[in-house]
Amino acid sequence: MDVDPSWTGRSTLSHLEGSLSGERYDAGSLIGPDPVDGRPLLARYDLDRARETLTVESLAGRRRGGMWRWGEALPVADPARIVFLGEGSTPLVPASRLGGAARLPNVSVKAESLNPTGSFKARGIAAAVSRAVELGARAFVMPSAGNAGGALAAYGAAAGVDVTVVMPADAPEANTTEVLTCGARLILVDGLISDCGRISSQVAGAAGAFDLSTLREPYRLEGKKTLGFELAEDRGWRLPDVIVYPTGGGTGLIGMWKAFAELEELGLIDGRRPRMIAVQSEGCAPIVRAFEEGSRFAAPMEAASTRASGLRVPGSIGDFLILDALRQSGGGAVAVSEEAIVEGQRLAGSHGLGYVSPESGAAVAALMLLRERGLAEPNDDVVVFDTGAGTKYPSPPRLAEVEVLEADVDEERIRLISSRCDP
């Protein structure tokens, strides 16, 4: 759908900056990672100028713009170039019952599964596709564990450009079906997301397609940072005490940390920051390992394995940005078992949050550990991220035995079954 210019402010994007090198680059052309060191590039804005129009009052008048309401601090110069499917403005849902189970009564859940394409990936892909098309891109390629690939196929179709998605052969069928239904080309690889990344780079070179790999271009991060913008606004410009975030490539966590700095510079929040908690699976926990070892960079994880496909990321070029945010915030990193991930999905569902993804289940499982790990206090305001819908994944192991009845079951059998039910 088209974005009404009144829904968004004008971008104040000024330049790009190497996240590690500090080198400055022009933002007016397509570019991959930092040419100096291959690390992520960060978009920088003229926030003094943005402050003139990006205000509490102006935001209140842009309710229909989704994440693009924050246009002054997003990269697309011309609102007509925005590819908008309704992404952003997801609800922050009070979850007192779930919080009670974790002995943390003040818990809320950011329901990112309500985005177009069913996950938070819609935000980053919307920003990246919109800006790259504005700069002249006409074809995209990207490795994906699942949801990002589906999102790229959908947004690429909306933009009218060619898309190739490279996925592990065991990616969820819902995601591969989504890619194909949206008209994208699909390549399946017998390997991990890191293997898909290498092939994606080769396809980009051979086909002249722009590579949208995680943190290898600057603008997916910009879409994800709107998580932090919305969180501040949702809570009356006061950030929570703790954020629990399932972490694969880490774009969302890095993006929120960037968003908080920009919000402070805009004068919308003070200098207080949440404790950031990165959650990974025990089968793929490079960030947890590096955090515990005190390392600034995370060595890639060998033989990575987890049912939570979005967490099956052996290594990230933004590893140091994730670890910096964890340490600067006084937060931490938690690895949970595969059994705990399934239990986390059950806990979320049985406490009124619906059928969430395995990644979200990992975040819920970590929530249950915060008190005993000393990462949260009873009166803390805690936000847990539900990053995607569970319906897009293979079913978890059955959580309880289900009795199958004959169609002509007799009344005595019904009474017997009913007697087992809790009142």
Side-chain angles (χ1 to χ4, degrees), residues 18-22 32-42 142-146 148 166-168 170 189-202 211 213-217 220-221 224 244-258 275-338 340-341 358-359 362-363 365-366 369 373 375 387:
S19 58
L20 194 59
S21 72
D34 190 337
V36 171
D37 54 23
R39 292 291 181 167
L41 291 176
L42 302 177
M142 185 180 69
S144 171
V166 186
M167 285 182 169
D170 61 353
V189 177
D190 186 13
L192 299 173
I193 188 68
S194 51
D195 302 306
C196 295
R198 287 192 294 273
I199 291 173
S200 180
S201 295
Q202 294 169 351
D211 192 343
S213 298
T214 301
L215 294 173
R216 292 188 178 278
E217 58 75 49
R220 284 177 66 179
L221 180 67
K224 291 284 190 70
V244 183
Y245 193 84
T247 304
T251 315
L253 192 150
I254 298 167
M256 281 192 283
W257 198 245
K258 184 175 187 284
R275 298 190 295 280
M276 308 296 286
I277 310 297
V279 183
Q280 299 193 300
S281 163
E282 289 178 352
C284 185
I287 297 298
V288 175
R289 181 175 62 187
F291 183 85
E292 292 174 347
E293 292 174 350
S295 302
R296 192 178 184 208
F297 301 95
M301 198 89 177
E302 296 182 5
S305 176
T306 174
R307 184 176 154 269
S309 54
L311 301 183
R312 195 171 58 186
V313 181
S316 169
I317 67 169
D319 52 358
F320 69 101
L321 294 170
I322 301 169
L323 290 160
D324 286 353
L326 300 182
R327 294 185 175 117
Q328 291 167 15
S329 71
V334 176
V336 296
S337 68
E338 292 299 294
I341 289 173
E359 294 84 2
L369 301 175
R373 300 280 180 92
L375 294 170
T387 55

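Each residue takes its place number in the sequence, starting with 1. Values in this document were obtained by computation on a predicted structure and should not be read as measured data.
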Not counting sequence neighbours, which residues clear salt bridge (charged side-chain N to carboxylate O under 4.0 Å, His left out) with R216? List them please.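 None.
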Using the salt bridge (Lys or Arg N to Asp or Glu O under 4.0 Å) rule, take R296 and D319 through it: C-alpha gap first, then chi angles, then the decisive distance, then the call. CA-CA 8 Å; R296 192 178 184 208; D319 52 358; over 6 Å; no
Taking all atoms of both residues into account, what is the closest heavy-atom pair of [X] and [Y], and its distance?
X	Y	result
A333	L326	CB-CD1, 4.1 Å
C284	A304	SG-CB, 3.6 Å
G318	I254	O-CD1, 3.6 Å
A340	A365	O-CB, 3.4 Å
R220	A148	NH2-CB, 3.7 Å
D211	S213	OD1-OG, 2.6 Å

Without swapping roles, check the side chain of [X] against the backbone of [Y] for a donor-acceptor pair under 3.5 Å.
X	Y	answer
R275	G332	no
S329	M276	yes
R289	A299	yes

Listed by chain and number, what are the ring-ring contact (aromatic ring centres under 6.0 Å, His included) partners of F291, not counting sequence neighbours?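 So F291 forms no ring-ring contact (aromatic ring centres under 6.0 Å, His included) with any residue.
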Quick one, R307 with D170, criterion salt bridge (Lys or Arg N to Asp or Glu O under 4.0 Å). Give me CA distance, side-chain angles, the key distance, then yes/no. CA-CA 10 Å; R307 184 176 154 269; D170 61 353; over 6 Å; no
Derivation of the side-chain contact (heavy atoms from CB on, under 4.5 Å) call for L20 and L321: CA-CA 9 Å; L20 194 59; L321 294 170; over 6 Å; no
Just to verify, which of E282, E338, Q280 counts as forming a side-chain hydrogen bond (donor to acceptor under 3.5 Å, both in side chains) with T306?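 So the option named by the test is E338.
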Where do I277 and V334 land on the side-chain contact (heavy atoms from CB on, under 4.5 Å) test, with the steps shown first? CA-CA 7 Å; I277 310 297; V334 176; 4.0 Å; yes
Say you draw a straight line from [atom1] of [X] to [atom2] of [Y]; how long is it, rounded to the nearest 0.5 Å?
X	Y	atom1	atom2	answer
M301	L192	CE	CG	11.5 Å
E292	I287	CD	CD1	11.5 Å
Q202	I199	CD	CD1	6.5 Å
K258	L253	NZ	CG	14.5 Å

Is there side-chain contact between [X] and [Y], with heavy atoms separated by less than 4.5 Å?
X	Y	result
S19	L41	no
V189	P168	no
P246	L311	yes

What do the steps show when you test I193 against R312 for side-chain contact (heavy atoms from CB on, under 4.5 Å), and what is the final call? CA-CA 7 Å; I193 188 68; R312 195 171 58 186; 5.9 Å; no
Pairs involving residues 246-257, ordered by first then second residue, that meet side-chain hydrogen bond (donor to acceptor under 3.5 Å, both in side chains) (sequence neighbours left out):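 Applying side-chain hydrogen bond (donor to acceptor under 3.5 Å, both in side chains) to every pair that reaches into residues 246-257, excluding sequence neighbours, yields W257-Q328.
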Go through the steps to decide whether S281 and V336 satisfy the test side-chain contact (heavy atoms from CB on, under 4.5 Å), and finish with yes or no. CA-CA 5 Å; S281 163; V336 296; 5.6 Å; no
